Amino acid sequence: MLQASFIKANKDLVINGLKKRGLKDDELALIDTIIALDEKRKNTQTQLDKLLSENKKMSDAIGGLYREGKRDEAEAMKAKVSGLKEETAALQETMRTTSATLNDHLLHIPNLPHESVPPGNTDEDNEVFKDWPNDLPDMGENALAHWDLAEKYNLIDFKLGVKITGAGFPLFRGQGAKLQRALINFFLDEAQKAGYEEIVPPLLVNEDSARGTGQIPDKEGQMYYVEKDDLYLIPTAEVPVTNILRDVILKESDFPIKLTGYTPCFRREAGAYGKDVRGLNRVHQFDKVEIVQVQHPDRSHDTLHEMLDHVEGLLQKLELPYRILRLCGGDLGSASALTFDFEVYSAAQKKWLEVSSVSNFEAYQSNRLKLRFKDADNKNKLAHTLNGSALALARIVACLLENHQTPDGIKIPEALKPYTHFDIIC
RNA sequence: GGAGAGUUGGCCGAGUGGCUUAAGGCGCACGCUUGGAAAGCGUGUAUACUCCAAAAGGGUAUCAAGGGUUCGAAUCCCUUACUCUCCGCCA
């Protein structure tokens, strides 16, 4: 979240940023409310501190009087301090409610878009940052969609997934399961080559962690919640992996911190029914390798581009046609300052599928996480966090099947063969 | 799931209601000393909020978390979380 002090000092900047996201006037009015609440909080704090200071001095004095055996004077002073109690309690209550309300408002203010973020309201306004340079692959009229290929070669059984769990929980089998495992290992090895430390994190997280990366309150309905134990199933490895750094103060020499992790991801996708959910296009459980970096604020945007290069390299090695989009203000996730989406052309469905989202959150997550570093002057500053999918499995599998289908079977890209140990699915 | 013991600063550890501003030690930083180092000596060493135009310097809070008792709580009471030991269950 943004800091109240920052909002106060940069009101116009904040309002313009939020306008770029398409926030309406009544939502923007919250900014003035926040500034006023912060002012109230400060005044209350000052008053309260003064009162507490007086109380403390008198209590110390009472102790001294007792030691000197001056009971009567001590009793008299006790009565006096007791009189201040009500006032203290009232100020404390004001402090509590003001801070809580302020904090609640702050949690609902999204991050400011980076200056390079294009204006716009929907995904149609996203800027094509890098386009597929060639003609889009034409597989001909007989090309099969991945759900048909999956059935033909017995790779994925959607019906069994429904039997065991429900819709959106595909079951991979045979060469399909092996392809899945091969991709995970390929992605993890590539991340390791790029200097990322591998993490196997917990798949359930507590409320603090979910709030730290911004899933609560913005995307609470997206997560599966285990009520009995008050835990959330992770929607992405970003949540447990980034929370490694929660409440941490780094040294400048610790930068950059580079972490990667493979995890299944669970998303409720409530209400998302219809044309885009068929096959692997949108599922409740999928596998993903995530890359996370924590970086010095001066270098985070260079790092973002380094991460884009990494993801791009993966798609090239998988020989898939892709393009990169720079998300517009209205399509940007609330915690992100700048996001690039990678889309792969799904040759049989004849449409682009999002397979990766690479974001710089700047200090937004860090402020929630209390992730700081000591700068050259030994002052604590908020670090910048970034993450990206490298890559999301289910849709990559869909695109691999569709793009690499031949009359003889599905060809495995060269880079993946050492992992699958087979050259073709047939 | 049952029983018991715990949780104090970066780390170890003392502390059973007011001479605690959390002792002492380790570590770390700087200085003195030295040909250089070690040892020794000295100084400093958290986080958040807040006051001040700023710096300097104050104030408040924080001894797992949250409540309570009290003029006053690391210390007493309640709730919760976590850790350890034993028992049960178990890959």
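The figures that follow rest on heavy atoms only: side chains count, while hydrogens, waters and symmetry mates do not. The shown structure was predicted, so the numbers you read here are calculated from the model rather than taken from an experiment.
Candidate nucleotides rG72(B), rG18(B), rU60(B) were compared by shortest atom distance to the side chain of Y66(A), and rG18(B) ranks first. Closest to the N380(A) side chain, of the nucleotides rC51(B), rU47(B), rC71(B), is rU47(B). Closest to the side chain of D49(A), out of rU47(B), rU60(B), rC71(B), is rU60(B). In this structure, the nucleotide among rU50(B), rU47(B), rC71(B) sitting nearest to the side chain of K42(A) is rU50(B). Distances were taken from every side-chain heavy atom of R372(A) (C-beta onward) to each of rA48(B), rC71(B), rG59(B); the shortest belongs to rA48(B). Distances were taken from every side-chain heavy atom of R96(A) (C-beta onward) to each of rG67(B), rA48(B), rU60(B); the shortest belongs to rG67(B).
Separating the P atom of rC63(B) from that of rC11(B) is a span of 15 Å, rounded to the nearest Å. Distance noted for atom C1' between rA73(B) and rA22(B): 13 Å (whole Å).
The distance from atom CG of L52(A) to atom P of rU62(B) is 9 Å, rounded to the nearest whole Å.
By the 30° and 60° cut-offs, the orientation of the rings of H284(A) relative to Y224(A) is perpendicular.
Contacts of K80(A) with the nucleic acid, taken as non-hydrogen atoms under 4.0 Å apart, are absent.
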Inset, instruction - I would like to know whether H305(A) and F340(A) meet ring pair (Phe, Tyr, Trp, His ring centres under 6.0 Å); could you show each step before the answer? - result: CA-CA 10 Å; H305(A) 286 276; F340(A) 291 91; 5.8 Å; yes

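Look at K251(A) and you won't find any side-chain N or O under 4.0 angstrom from OP1 or OP2 of rG10(B).
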